Amino acid sequence: MKTPSYTGGWKSVYYSLHVVKEVGPVAFTKSLLSKNTCKTCAYGMGGQKGGMVNEEGDQIEVCKKSLQAQLTDIQLAIQTGFWHKNSIENLLKLRPRELERLGRLNDPLLKKKGDTHYKPIDWQEATALLKEKFKKVDAARTFFYSSGRSSNEAAFLLHLFARLFGTNNVNNCSYYCHQASGMGMGNTLGTGTATVQLKDVKKADLIFVIGANPASNHPRFLTELMHCRRRGGKVIIVNPAKEPGLVKFSIPSDVKSFLSSGSEIASHYYQPKIGGDMAVLYGVGKALFEKGKIDETFVHKYCEGVDEYKNQLENLSWEQITQSSGLSKVELEEIANLYGAAQNVIFTWAMGITHHSHGVENVEAIVNMAMLRGMLGREHAGLLPLRGHSNVQGVGSVGVTPVLKEKIFQNMEEQLNIKLPDTPGWDTMECMNQAAEGNVDMAFILGGNLYASNPNLHFAEKALSNIPFKVFLNTTINEGHLRGVGEEVLILPVKARDEEDQKTTQESMFNYVRLSDGGIDRHNGTRSEYDIILELAKTIIPKEVFDFQAFGEFRDIRKVIAKVIPGFDKLEDIDETNEEFQIGGRTFHQPVFGTANGKAKFRFHPLPKGKNETNSFSLMSVRSEGQFNSIVYEEKDAWRGVEDRNTILMNSTDMQKLKVNDHDEINISSKAGKLRMKVQAFDITEGCVLGYYPETNFLVSSELDPQSKTPSFKNTEVWIEKA
């Protein structure tokens, strides 16, 4: 399959027509135009302004990924008889995409130890079993996990129930993605989220995209990059792989872009080594000092530590920087010149920065760069971590974390008149480690695919198999329901966001809270995840501890969230006003930050070590164009020109050295495992290779960033030979 000269455009439109044909124009239009937040990335669309409108009023932005999610939810239900005919062993023969397209879950399913099939049961039996399990289990031997697709209301209810049940083993999927961003920004600025709003992006004259591929993962952001270029601005891409969608993209919602051969996205594209981002940022910083392009007033008046930071950069030789980064001094000075000439600069990044054993340090290096030229604490400039799932940020904001922020902890105890546990909670990987050691008796998993989200999938399957009872709340079947299920498993079919009987809220990566109406009735066997948690909490938690009857309506819990979560005060009246809002205290348009003294902090760290051996490669796992998180919608990757997901993409010079050609089979191994895959040439830095997630997770070890506990998905040392 030939890599296209540009991506997007007609391919997205054709997919829209495919969805219309499959589900029918009425169902398609109803879903697309309803007042519900988009179900895919946290860039954010939908809500009370309409299904295809963002907070700035931009309309009709077609996103193929959003359509793929809609198609999944509009599927017909899996018939009850299906489960009698199909064993778990047979289902394991299906690819993840085939599992996703089996249809919607519509029956509670039970698998007891030794069973070969899931058995459909009624809701009465399912809830009775769940309550029985909770009454018998020790809270210290349980954990609660949430994906980013849930609502703020369900997420708050979940962690409140878990803590009153007696555990802080509460976490969410951000520990496997952007937790490093939250910690890095927290260490330097006292905030863990974007410092800008969407309206700021629209005024930028330079946007950095570092370690991210929004063409595949945040398609609507490409519109802003295109507009930046059109108004004469620059877009600097820093990525070991030259992604076709970041070079040129045809924006379906823009007539000029759509009818042409696509719009130029990157004005400058730099391809460092995998793991070389920190060296790139230090090199640019060193060049800025040498060229006298520092905002001296800002760094001395509003920051601390700049002199020590400067000294550390001076002690780094250009040879060390270029060797570690993989870029030349000329390239690094060019970036510094571009940055030094810009007036309004926004830094964006994603997993290519956070998925390292030094992910927090990478983020802090980006913050350093922004401080050097005063691109913080004012309008039209700042930091924007490109978040993944549509409400992953909201789930964390309302408290689905092992450790609550001190203010939230105090507010919850005071407002709800409760006593919260103060024992240390487990992050996501610690939950897996504890399960592997036999210290977990029950797991409550709200959405997502915890199995496939893990590094080292052999370990993940073993760890999950050790848990005597797991309950999953999902809309469709996935590999997590089939692997690591040797013991007892209960699957509860839940409503999608636009099917909720009551309104829910979600938070975008811009700290903007949207209100979703719900209201679409598709399946008679699904229940709201909120209602499931509430019924459980009312039974398990004694009324004298807390009376969960007070949360019968979603609006009841919104009023509590408004009181206990800083910045969410407008949530209290949202049912009356329908007014969506920007969370208070998150956007830094003034140079006063969330640190103890209000100043931003420079932080320097030694450059990370490179590969251990010269004959090895650095592997980064990525998602395809036809994929969202662990959900695979299409087997081929149209943007990269790859037909088979079991493919490793490699620099053509490296292929010549190994004497392999396109589509040859290779053996690829790491310290964690080995696979046989195909190889295909791609424009990626020599010594670096690219493979798909979760297929290559068998190779990824459980090495973590010590601060954020985020796995190093983007930098695995591997060895490759022709099969």
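Bear in mind the structure is a predicted one, so any value in this text is a computation, not a measurement.
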Query raised in the report: Asn454 and Asn697: side chain to side chain donor-acceptor pair (under 3.5 Å), yes or no, with the steps?
Result: CA-CA 7 Å; Asn454 269 277; Asn697 283 18; over 6 Å; no
Query raised in the report: Under 3.5 Å, is there a donor-acceptor pair between the side chain of Asp705 and the main chain of Thr354?
Result: no
Requested in this report: Ignoring hydrogens and angles, tell me if any N or O in the side chain of Asn171 forms a donor-acceptor pair with the backbone of Pro402 under 3.5 Å.
Outcome: no
In terms of side-chain heavy atoms, does [X] have a donor or acceptor partner in [Y] at a distance below 3.5 Å?
X      : Y      : answer
Thr167 : Trp426 : no
Asn391 : Asn152 : yes
Arg497 : Ser390 : yes
Thr505 : Glu153 : yes
Ser150 : Glu529 : yes
Arg586 : Ser397 : yes

Quick check on [X]: does its [atom1] atom have over 12 non-hydrogen neighbours (other residues, nucleotides or ligands) under 6.0 Å away?
X      : atom1 : value
Lys131 : NZ    : yes
Lys111 : NZ    : yes
Asn417 : CG    : no

**Report entry** ring pair (Phe, Tyr, Trp, His ring centres under 6.0 Å) between His458 and Phe698, worked out
**Finding:** CA-CA 7 Å; His458 291 301; Phe698 288 103; 4.7 Å; yes
Report task. Just do the ring pair (Phe, Tyr, Trp, His ring centres under 6.0 Å) check on Phe161 and Phe134 with the steps written out, would you? Result -> CA-CA 12 Å; Phe161 164 57; Phe134 267 95; 5.4 Å; yes
Going by an N to O cut-off under 4.0 Å, is there a salt bridge joining [X] and [Y]?
X      : Y      : value
Lys113 : Glu487 : yes
Asp441 : Arg141 : yes
Asp575 : Lys559 : no
Glu553 : Arg558 : no

Query raised in the report: Is the ring centre of Tyr451 less than 6.0 Å from the ring centre of His481?
Result: no
**Report entry** Ring centroid separation Tyr145 to Tyr175 under 6.0 Å
**Finding:** no
Requested in this report: Mind telling me whether Phe221 and Tyr43 have parallel, tilted or perpendicular rings, with 30° and 60° as the class edges?
Outcome: tilted
Query raised in the report: Should the pair Phe713 and His355 be assigned to parallel (<30°), tilted (30 to 60°) or perpendicular (>60°) ring geometry?
Result: tilted
Query - Trace of the side chain to side chain contact (heavy atoms under 4.5 Å, CB included) decision for Leu71 with Tyr633 - result: CA-CA 10 Å; Leu71 175 58; Tyr633 296 118; over 6 Å; no
**Report entry** Full working for side chain to side chain contact (heavy atoms under 4.5 Å, CB included) between Thr476 and Gln75
**Finding:** CA-CA 10 Å; Thr476 57; Gln75 290 183 100; 4.1 Å; yes
Report summary line: dist Phe554:CZ -> Ile561:CD1 (nearest 0.5 Å) comes out at 11.0 Å
Requested in this report: Evaluate side chain to side chain contact (heavy atoms under 4.5 Å, CB included) for Lys112 paired with Leu110, printing each intermediate quantity in order.
Outcome: CA-CA 6 Å; Lys112 295 183 179 180; Leu110 176 64; 3.8 Å; yes
Query raised in the report: Hey, which of Gln393, Gln582, Gln197 is the one that makes side-chain hydrogen bond (donor to acceptor under 3.5 Å, both in side chains) with Asn511?
Result: Gln393
Requested in this report: Would you sort out whether Phe444 and Leu473 count as a side chain to side chain contact (heavy atoms under 4.5 Å, CB included), showing the intermediate values?
Outcome: CA-CA 8 Å; Phe444 190 99; Leu473 281 66; 3.8 Å; yes
Report summary line: Taking every heavy atom of Gly148 against every heavy atom of Cys173, the minimum-distance pair comes out as N-SG, 3.4 Å
